[in-house]
Amino acid sequence: MVDWPLIPLTLLLFALIGALEIMQPGIVKAFWISNTIKAAIPLAMLAACQTLTMLTGGIDLSAGTVATIAAFVTATLAPLIGVPPAIAIAMTCALAAGLVNGVGVAFFRVHPLIMTLGTGLIATGCLLVYQRFVISTGTLIPPSLVWLGTGRSFGLPNALVVFLPFAALVIWAQRRTGFGRLLYAIGANEAAARLSGVRVWQVHLALYALSGLIAGLTGLVYLGIVKTASLSLALPLDLPSVAAAVVGGTSIFGGRGGYGGTIIGALILTVLATMLTLLQMPEGGRRILFGAIILAVTALFIRLTDRT
Amino acid sequence: MKRLIEANAWTVGLAALLALLLIVTKLIQPEFGASGLDSLARAALPFVLATVGMAVVVIAGGIDLSIAAMMAVASVTAARLMEGATDPQSVLVLITVLVLGLAMGAINGALIVVTRVPDIVVTLAMLFVWQGVALLILNAPGGATAPWLRNLIVGGVTLPGFPPGLPPSLTDWIPKAVVVMAIVVTAVWLPIKRSKLGLMFYAIGSDPLAAFRSGVPVGLTRVAAYAVCGLFAALGGLAVTMSTGIGEPIPGPYLLASVAAVVLGGVVLGGGRGGLLGPILAVFVLRLVRMDLTLMSVDPNVAAIVEGTIMVLVVMFGGLLALRGARLDRTG
Amino acid sequence: AEGYKIGISNTVQGNGWREEMVCAMKAQALASGKVESLNIAHRNTDAAGQLEDIRNLIQAGVNAIVVNPANADGINAAIKEATDAGIVVVAVDQAVTEPSAYILSNNQEQYAYLGAKWLFETMGGKGAVVYMRGAAGAGADNDRDKGFKRAMAEFPEITVAQEVFTGWQQDQGKQQINDIIAAGVPFQGVWTSGIDNVIVDAFVESGAPLVPIVGADNAGFVGQLQSVEGLVGAAVTNPGSVGGAGVELAIRILDGNAPAEKTVLVDPVVWANNTDEGKKLLAEAANPNLSPEWPVSVSIPGWTTYTMDQIIACKGPGE
Amino acid sequence: MLDAPAPTAVLDATGVAKRFGAVVALRDASLQVGPGQVMALMGANGAGKSTFVKILTGVLKPDSGHVRIKGRESTVASPSGARRSGLVPVYQEPSLIPDLDIADNLRLGNTPVAPFRHWVAELGLPNLALDAMIRSLPLASLRIVDLARALALEPDVLLLDELTAALPTDLVDRVLKTVRAQADAGRSVIYISHRFTEIAAICDRATVLRDGHTVADVAIEPGIEERIVEMMLGGAISPATTGTRAAHKSSGAPRLSVSHLKTGNRLRDVSLDLYPGEVLGVIALEGQGQDELFDVLAGNRRATGGTVTVKGKPAQFSHPADAIAAGLTLVPGDRAHALLMSRSVRENIALPLVARLRTWGAIPMRDEAARVTSAIDRLQIDTRAQGEVRRLSGGNQQKVTIARWIAKGVDTLLLFDPTRGIDIRTKRQIYALVRDLADQGAAVLYYTSELAEIRLACDRAVVIFNGRVVDVIDAADADEPTLMRAAYGLTEKAAQS
Ligand SMILES: Nc1ncnc2c1ncn2[C@@H]1O[C@H](COP(=O)(O)OP(=O)(O)OP(=O)(O)O)[C@@H](O)[C@H]1O
Ligand SMILES: Nc1ncnc2c1ncn2[C@@H]1O[C@H](COP(=O)(O)OP(=O)(O)OP(=O)(O)O)[C@@H](O)[C@H]1O
Ligand SMILES: [Mg+2]
Ligand SMILES: [Mg+2]
């Protein structure tokens, strides 16, 4: 249990699913599972931005905005210039936002929270200015993204085609690459990493650029899932993406955690959302229950994995 | 003395920036005067209270993501209980709400200590819980506020030393809201700061292990820090109700704003360093930027860009100064 | 001639409906030819923040303020200060209780009532509905709830299968209806508070049989009402152009032509695709190029005077 | 071998056990200390000494065991509880609040200021400003503040856990004198150190721990040293090569050449040459510029004057990475600055292997594992708690900071007091290791606060005083009095400068 924190977390996830099945007998079937996975994927992807930056003691509060921009730009440019160029431009915007974050954090040592909050504000402003020029150009959700977002093969959502390699890559990178090691090292003790020859600015720059790209990719997948070019498309995912990472065991102060836990965290949040949707009670009661269950699950998780 | 200025360089810088912005405002809008200051102060009041609460827990090494939700609970409770209440009753309501704030904060803190779950997770969960509680108390904006409470923050206070008989437009330069803010913040924080409790806040924020070994009851101190945060959240919620006259169950934009102001104000996330004056000044800077943007009728979307840029630039500038200081002998 | 200086205050940013409202305000100001400059405070905030914005607008010395209030009572103080200073205040979209303000409002209660009534009738007066509300605790959501309840009272055999809050978020609404479909909860109709096209998508994607759906006149949903096979539904108008009308009202008052009544209600209309008349209205209104979150009712006859091109250009005086 | 518990014992602990998950830190530890007694607590790295101290002072709860204080059964539940019982510790890691100044730290622990002032002056820091931020103080001063704070509380039992490990010679002397005086005044002291000279100088008895067991409680008398070592380690070890080394042939070009180096107001003018195959010792009292010298050479600080030449090429480092690229690697004095406390032993050791941009890709896991394992073996790191370095004992943490560069492969090694807190057996291994590395062509600059180490590990020693090199002494001539005189600047050269 101690060395495999994912096992108790996964058990807790299954316990929640069990509770849901008791609450709503018959719900746990292929269709629901596929839906749940589909809903958890964008959350888990955006939470990758939080997990990776949190490993260094940072955070990326611009992720939701960047995802929204990528989606909105793709949907509005696609009818004008075609799908591939639209996606290319969208991802360039995402990368640019990530680089701005990276430059601020790496060279000017701006606290990531302020830097990404500021970039998020700036990017939101840019998006709103941009949208005035495309009010009447119509939107096109690229069919490939619709296939990814809404299609199903063998009873499983097609989004897995993107997500599985993505998750494998992130987990591999975080455990088995020099870059991944450096994220933990910087989060654990930046001065020590520096003394060992790490040029911290390089890591920060690469990290936030990567986070921007991941957010952009999430935006594309989400566009395929929701199928609406909305100005606030992925913004509601911002807080849950932080929640998925911390429920999954990543510390905001850096040096601890990993993406495996985040994925389970995202699934836990998604299952909880379903439970609350189906629960017949006043909205206030639902929220209280939601908070209480998150707290209980995390507390249990910590009890199960604690050494002392 | 030099050390004192050095230690507070950031705060002094913020004060200078605020002064500069006030001058800019006066240039943009020559009529800017007592009423402008008054509206600035009233706008800043809930932000200041939220920021002060947040600053206290951040200094103590924590963070409270539920602060805006607690404000909402306080706001709807006050509005609901004050509907049709007499003045003496409304004083009672006031006290109830403050106690409620303390209790909410203490619950947050106690859960952190007892469950050993990281504070960010606990307060994130409690964010939903307090939101839910607010909705159960009032499911739509409503309720009322005692008129004397509303008047508490309207208008200005005559500067001492002014000869009586001058028109109020000349004398009412100190907004009542600022006076309320100053009284409330000093009344709560000064005794804490002076006593050992304040020291213990800094100690557990700086190094909880060393604090424990120095004999600090770390758990209790943490609960106290969160309780103080809850108290300020309640005050913030009351401030919202005082200015709007009603209670709103949906939390306002105080969470991110308070975290941003805390960091802008020179309090280090992670704990142990910083004071309350910096964050308070940061709130005023942010509010004044917003006011200037409206006065200059900047396109609202561009305004978001400007606000974000200014926020980043201020911290960047500070970062550069710190880097230059460090560069003198440190490499890289 | 010296034009008017008009201030705008709005507290929701990045929502298609509100963006259209702001564009309508700008377009109307431009089209009127009487407005010299617009001073727009447009951001995400609460009533306390709106008080701040209105006071800043007073500081800026505007002649009139058109405000979409965060709620009915919360900003009265600032409105009073404005009208005391001789500034004309017009509340659009939602009413305020401050008597010195003019009100040009969409009738939210009626909006919900009309849609729900159509839905219950279409369902044959009995069955269960999924009731997808807006944001919990919001004033407009509460008003709509009153209208919905009023319709419910008229149809005793209608029950609510599931009541959820979408938070007026597309993704959340879609996820919720997916869950409800997956859970096998039986229902015969869906009433949505404006998160509509994703709901239709969810039915189509999951292969679940379509039920009657009520939404708003958003471009996306209006398009679906005409194109989706087997979809019976109705769009209830909730024009964002009410903002343009508010600006026009402010100009008229400043010109000295104040209306007799301080309150003007814009009543919603139901466009259902199961009647010929509704089909015709839908066909007229549909605009496939319009941003899907934008309401298609881009003008209000008798009030707004801008052209389609002007509102889409979204430019105010001096831009 | 265990004596019967002294009836007069002030502190009497028996059967104490403590485990951390799978790691058993203490199995059956006991300890008795009488009034006026200095009791040494001895044991190899990881034997459980610090854990024992933490249990006695209420930081940790024991799994079992009894503690009697002044004859009464007691359960010390917290550090403040320990203090009420008269037990005051100085822990192995500094336990002051970094973001408060000294005065506030005293206030926090209800420490009276006047006695504190008295003790810091007594201990050799008369000019310490009470409004100095803890964060800005050097490690040695922190240790003194820690001790003075404890003394000011007038404890019945003073527990000192490797207090002297990070102290320069001059301060050690004062500490020893002070501690002995405490005992002579009737107080009890529990004293942990890996330095036998200190034990011999002030302790009356020694309690020896091995693998969490108390294996002996013996009186300190001449010749007991080897027996204690045997009991600590469960067997004899080969004696250190105390024979003086053949003076190194400083032929060929120097690997590292420093000339007239200057930075800050402490390092004024240092020149020295370091040859491949040589271990060059550095001796200095506290704050003579040695920290700055190592920092500049490691690229952690800029020089304001002078030159550094590496392998004949002038070098200027603007980042530690530059120094590392030039082959200069540093083991810093404060291990807290070098370690990723929340990460595993492996990640800590392998950190330099992934630091460069071109090593950001896939890690060659086998190669890494091999290097790490061999480094762990060479330094005999106790890896029972290897999942997180902060759970290692202090000495084992120190070893990790050295192992890192062994795994990377060394060219020029800058060791700043590398044997801090390391037990006697490992110390000897480290001397052998350093010698090995030098024999394989490495150049080593070796600052030490233990004068005896010069003869055990070095070829030559430079003595720095007041920011200048005042003497260069051959290891053969480097007996302690000579070094000490030089370190205090009592040589002709120093008099000239
Ligand atoms: N290859 C390079 N290209 C451009 N700039 C460089 C390069 N190397 C170093 N610098 C500059 O040197 C500065 C210090 O380098 P670096 O970012 O590696 O330090 P660091 O690891 O962040 O150290 P610290 O955390 O103490 O600031 C950088 O901010 C950068 O401006
Ligand atoms: N919190 C902890 N979690 C797990 N293991 C621990 C923890 N604290 C100590 N240990 C283990 O307990 C054992 C004893 O540690 P301790 O620090 O008491 O040794 P020590 O005798 O003080 O050694 P040193 O001379 O190196 O300081 C070590 O193996 C250490 O790794
Ligand atoms: Mg740098
Ligand atoms: Mg130890």
Side-chain angles (χ1 to χ4, degrees), chain B residues 25 28-29 31-33 35-36 38-40 42-47 68 71-72 75-76 79 131-132 134-135 138-144 150 154 236 239-254 257 287 290-301 303-304 307, chain C residues 5-11 13-14 19 22 26 37-62 69-78 81 85 97-98 135-143 145-146 165 167 314-316 318-319:
Chain B
T25 313
I28 301 172
Q29 189 70 22
E31 292 102 85
F32 180 80
S35 77
D38 177 46
S39 84
L40 176 69
R42 274 196 276 171
L45 187 59
F47 285 97
M71 286 169 76
S75 158
V76 292
Q131 263 185 19
L135 277 173
L138 210 58
N139 66 4
R150 304 199 62 175
V154 179
V240 171
T241 298
M242 278 154 85
S243 58
T244 60
I246 57 159
E248 281 182 286
I250 299 182
Y254 303 104
R287 289 301 97 206
R290 159 66 47 189
M291 179 184 255
D292 288 351
L293 289 173
T294 308
L295 291 181
M296 289 190 289
S297 62
V298 173
D299 178 312
N301 301 326
E307 262 187 320
Chain C
K5 203 171 165 188
I6 294 186
I8 309 282
S9 168
N10 175 45
T11 56
Q13 196 180 27
E19 295 300 326
V22 172
K26 288 180 173 184
S37 73
L38 278 185
N39 214 329
I40 307 177
H42 172 42
R43 56 170 176 147
N44 283 315
T45 188
D46 60 347
Q50 189 158 40
L51 287 169
E52 172 185 5
D53 285 341
I54 295 174
R55 291 192 178 116
N56 287 344
L57 291 172
I58 299 173
Q59 289 292 317
V62 295
N71 59 56
D73 309 291
I75 58 168
N76 286 351
E81 285 164 38
T97 49
E98 167 57 39
D141 178 76
N142 197 45
D143 291 344
D145 187 48
K146 285 184 200 139
F165 289 84
C314 199
K315 281 201 163 57
E319 269 188 72

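Chain letters run A, B, ... following the sequence lines, proteins first, then strands; residues in each count from 1. Computation of the quantities below employed the complete heavy-atom set of this structure, encompassing side-chain atoms and omitting hydrogens, waters and symmetry-equivalent molecules.
Your options are B/V240, B/N139, B/D38, and the one with the most heavy-atom pairs under 4.5 Å with chain C is B/N139. Contact count versus chain B (heavy atoms, under 4.5 Å) is highest, among C/G7, C/G61, C/A138, C/A41, for C/A138. Heavy-atom pairs under 4.5 Å with chain B peak, among C/I58, C/D73, C/N76, C/N10, at C/D73. Contacts with chain C were tallied for B/A140, B/G252, B/G245, B/A44; B/A140 has the most, counting heavy-atom pairs under 4.5 Å. Contacts with chain C were tallied for B/R42, B/Q29, B/E31; B/R42 has the most, counting heavy-atom pairs under 4.5 Å. Taking B/L138, B/L45, B/T244 one by one and counting their heavy-atom pairs under 4.5 Å with chain C, the maximum is reached by B/T244. Contact tally against chain B (heavy-atom pairs below 4.5 Å) for C/A47, C/S37, C/A48: the top residue is C/A47.
Using a 4.5 Å heavy-atom cutoff, the side chains of C/R43 and B/E307 are not in contact. For the pair B/I246 and C/N71, the minimum side-chain heavy-atom distance is below 4.5 Å. A heavy-atom distance below 4.5 Å is found between the side chains of C/N56 and B/S39.
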Residues C/Q59, B/S35; criterion side-chain hydrogen bond (donor to acceptor under 3.5 Å, both in side chains); working and verdict:
CA-CA 8 Å; C/Q59 289 292 317; B/S35 77; 2.9 Å; yes
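Heavy atoms of B/L135 lying under 4.5 Å from chain C belong exclusively to its side chain. For a residue to count as touching a neighbouring chain, one of its non-hydrogen atoms must lie under 4.5 Å from one of that chain's; by this rule C/I8 does not touch chain B. Heavy atoms closer than 4.5 Å to chain C are found nowhere in B/V154, neither backbone nor side chain. Contact annotation for C/I40: both backbone and side-chain heavy atoms come within less than 4.5 Å of a heavy atom of chain B. Contact of B/D292 with chain C is not made at all, since no heavy-atom distance falls under 4.5 Å.
Atom OG in B/S75 sits 9.0 Å away from atom CG in C/D46 (nearest 0.5 Å). Rounding to the nearest 0.5 Å gives a distance of 6.0 Å between CZ of B/R290 and CG of C/D53.
Look at B/R287 and C/E52 and you find a salt bridge, because one of the NZ, NE, NH1 or NH2 atoms lies within 4.0 Å of a carboxylate O, short of that distance.
The heavy-atom pair separating B/P141 from C/G137 by the smallest distance is CD-O, 3.1 Å. A pairwise comparison of heavy atoms in C/Q13 and B/P300 identifies NE2-O, 4.3 Å as the closest pair. The two atoms that bring C/L51 and B/S243 nearest to each other are CD1-O, 3.2 Å, heavy atoms only.
Screening C/V62, C/L57, C/I54 for a side chain to side chain contact (heavy atoms under 4.5 Å, CB included) with B/T294, the sole residue that qualifies is C/L57.
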